[in-house]
Amino acid sequence: MEKYEILGLVGEGSYGMVMKCRNKETGRVVAIKKFLESEDDKMVKKIAMREIKLLKQLRHENLVNLLEVCKKKKRWYLVFEFVDHTVLDDLEMFPNGLDYNKVRKYLYQIIKGIGFCHSHNIIHRDIKPENILVSCSGIIKLCDFGFARTLAAPGEAYTDYVATRWYRAPELLVGDIKYGKAVDVWAIGCLVTEMLTGEPLFPGDSDIDQLYHIMKSLGNLIPRHQELFYKNPLFAGVRLPEVKELDPLEKRYSKLSVTIIEFAKRCLQTDPDKRPSCSELLQSDLFNKDCFAESSNLQLLSRKPGLREPASFFRYIC
Ligand code: ADP
């Protein structure tokens, strides 16, 4: 790690911090994720190991590129290519939302990145504006694979899950232990309207409030989710909210086009089995009308598979 000089702090999470650094020999600017001490904290170790393992498998132009891994004095360090800013930064700069064509370009790449993870049976599980990096030339790179995990085998359940509430699908909120790729598609639905309006779609301040926001917009949960809610000890004594009058997306966002509303609603089906796959989303009118492909230079963005860095690109420096 001595070969890097610290330029500044770019992010801080529950399990460590991310610093902007420069390689003193090559001048290359990188982002170094420094985990908390992992010897005493099993969760930190688990998250670091999971992120390293998954990032080694996942090489794609829309996923952040891991350059080096190092362990020093009981701490893990992950060295990434440095990416200019995040979608959250964009939204802070434009609080009323981003330009329609920019949103389409971002979304297209976000879906490609997630679709690539899904094709490797990996769910990201924490898609949100601060985990979507944007390069100076507008290339999207998804980051933070600390919560990502491999799809459970049939009959196997996931247990250790905590992710950002606003982007959480109903199956996660009610505590369904069998969930799948559709949780990432839900998060895409939440992102679409937020990127276009600057307003988070379902900003719940507790899990029950989160469910209320969802039901107010989309109606009742599916029967399986209702049952799971009433069986979940975390909600003992709590009743599901009764929504008297729906506030559907088309009414709340009357200025957004039908194409956008339809796209968001497909991602936000309360029944996860009805949500489209990423490849189906890429076929949506949103990306196949108004000369999207021609105008967005996406031909340039989708590099040929052969151009990916070879596996040997990984170097362990300790
Ligand atoms: P944590 O798991 O601790 O939340 P993340 O991987 O989500 O860490 O990164 C936290 C923040 O650091 C991100 O929201 C982003 O602002 C910044 N960041 C992460 N990776 C990079 C990168 N490769 N280049 C630039 N900034 C990054």
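Each residue takes its place number in the sequence, starting with 1.
- N232 and L234 get closest at one heavy-atom pair: OD1-N, 2.9 Å.
- Although no hydrogens or angles enter the test, the distance criterion places a donor-acceptor pair under 3.5 Å between the side chain of Q109 and the main chain of K105.
- Checking each of H60, R59, K141 against N65 for a side chain to side chain donor-acceptor pair (under 3.5 Å) leaves exactly one that passes, namely R59.
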Side chain to side chain donor-acceptor pair (under 3.5 Å) between Y77 and E68, worked out
CA-CA 8 Å; Y77 294 83; E68 289 180 332; over 6 Å; no
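- A donor-acceptor pair under 3.5 Å is absent between the side-chain atoms of R28 and the main chain of R22, judged by distance alone.
- At least one donor-acceptor pair closer than 3.5 Å links the side chain of E51 to the backbone N or O of F145.
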Test L63 against C117 for side chain to side chain contact (heavy atoms under 4.5 Å, CB included), laying out the working first.
CA-CA 9 Å; L63 306 183; C117 297; 4.0 Å; yes
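- Comment: K72 engages E2 in a salt bridge, judged by a side-chain N to carboxylate O separation of less than 4.0 angstrom.
- Residues I208 and L173 are members of one and the same hydrophobic cluster, defined by side-chain heavy-atom contacts under 4.5 angstrom among Ile, Leu, Val, Met, Phe, Trp and Tyr.
- Between the CD1 atom in I132 and the CG atom in D90 there is a gap of 10.5 Å [rounded to 0.5 Å].
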What's the verdict on salt bridge (Lys or Arg N to Asp or Glu O under 4.0 Å) for R224 and D271, showing C-alpha distance, side-chain angles and the deciding distance?
CA-CA 9 Å; R224 173 182 162 80; D271 184 348; over 6 Å; no
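- Remark: the backbone N or O of Y179 is not paired with any side-chain donor or acceptor of D176 at under 3.5 angstrom.
- The cationic atom of K24 (NZ for Lys, CZ for Arg) does not lie both less than 6.0 Å from the six-membered ring centre of Y4 and within 45° of the ring axis.
- Across L221 and P170, no two heavy atoms sit closer than the pair CD2-CB, 4.0 Å.
- Listed for the D209 side chain is a donor-acceptor partner under 3.5 Å among the backbone atoms of D205.
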Give the intermediate values and the outcome of ring pair (Phe, Tyr, Trp, His ring centres under 6.0 Å) for residues F35 and Y15.
CA-CA 6 Å; F35 283 90; Y15 301 101; 7.9 Å; no
Report the C-alpha separation of L142 and V64 in whole Å, then their side-chain angles, then the decisive distance to 0.1 Å, and conclude whether the side chain to side chain contact (heavy atoms under 4.5 Å, CB included) test is met.
CA-CA 6 Å; L142 304 179; V64 70; over 6 Å; no
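- Interatomic distance, SG of C278 versus CD1 of I188, reported as 4.5 Å (0.5 Å rounding).
- Test H118, H124, R275 against D184 for side chain to side chain donor-acceptor pair (under 3.5 Å) and you get one pass: H118.
- Judged purely by atom type and a 3.5 angstrom limit, N288 has no side-chain atom pairing as donor or acceptor with the backbone of D285.
- Side-chain contact between M93 and H85: absent, with no pair of heavy atoms (C-beta onward) separated by less than 4.5 Å.
- For the side chain to side chain contact (heavy atoms under 4.5 Å, CB included) with L281, the lone residue among I114, I110, L107, I111 that qualifies is I111.
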Where do E194 and K128 land on the salt bridge (Lys or Arg N to Asp or Glu O under 4.0 Å) test, with the steps shown first?
CA-CA 10 Å; E194 179 168 353; K128 56 179 176 179; over 6 Å; no
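- A donor-acceptor pair under 3.5 Å is absent between the side-chain atoms of T164 and the main chain of W166, judged by distance alone.
- Interatomic distance, N121 CG to Q57 CD, rounded to the nearest 0.5 Å: 10.0 Å.
- For Y212 against P241, the heavy-atom pair with the smallest separation is CD1-CB, 3.3 Å.
- In plain terms, the two heavy atoms of F202 and Q210 that are nearest each other are O-NE2, 2.9 Å.
- Remark: side-chain polar atoms of N131 are paired, donor with acceptor, to backbone N or O of D126 under 3.5 angstrom.
- Distance check: L58 CG to I122 CD1 gives 4.0 Å after rounding to the nearest 0.5 Å.
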Audit row: L256, L196, side chain to side chain contact (heavy atoms under 4.5 Å, CB included) steps and yes/no
CA-CA 8 Å; L256 295 184; L196 285 164; 4.1 Å; yes
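- In this structure, the separation between CG on L249 and CG on D247 is 8.5 Å, given to the nearest 0.5 Å.
- Other residues, nucleotides and ligands contribute at most 12 non-hydrogen atoms within 6.0 Å of the CD1 atom of I6.
- A donor-acceptor pair under 3.5 Å is formed between the side chain of K216 and the backbone N or O of E245.
- Hydrophobic clustering keeps I127 apart from V18 (ILVMFWY residues linked when any side-chain heavy atoms are closer than 4.5 Å, directly or through intermediates).
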Apply ring pair (Phe, Tyr, Trp, His ring centres under 6.0 Å) to residues F116 and H120 and explain how you reach the verdict.
CA-CA 7 Å; F116 180 79; H120 285 70; 4.5 Å; yes
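- The line from CG of L191 to OH of Y167 is 6.5 Å long, rounded to the nearest 0.5 Å.
- For CD of E5, the number of neighbouring non-hydrogen atoms (other residues, nucleotides, ligands) closer than 6.0 Å is greater than 12.
- Nearest approach of A182 to P272, heavy atoms of both residues: CB-O, 3.6 Å.
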Please report the C-alpha distance between D207 and R168 in whole Å, then the side-chain angles of each, then the deciding distance to 0.1 Å, and finally whether the salt bridge (Lys or Arg N to Asp or Glu O under 4.0 Å) criterion is met.
CA-CA 9 Å; D207 287 358; R168 246 187 251 170; 3.6 Å; yes
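- Within the 3.5 Å criterion, the main-chain N or O of L240 finds a donor-acceptor partner in the side chain of Y230.
- Contact between V87 and M195 at its shortest, heavy atoms only, is CG1-SD, 3.9 Å.
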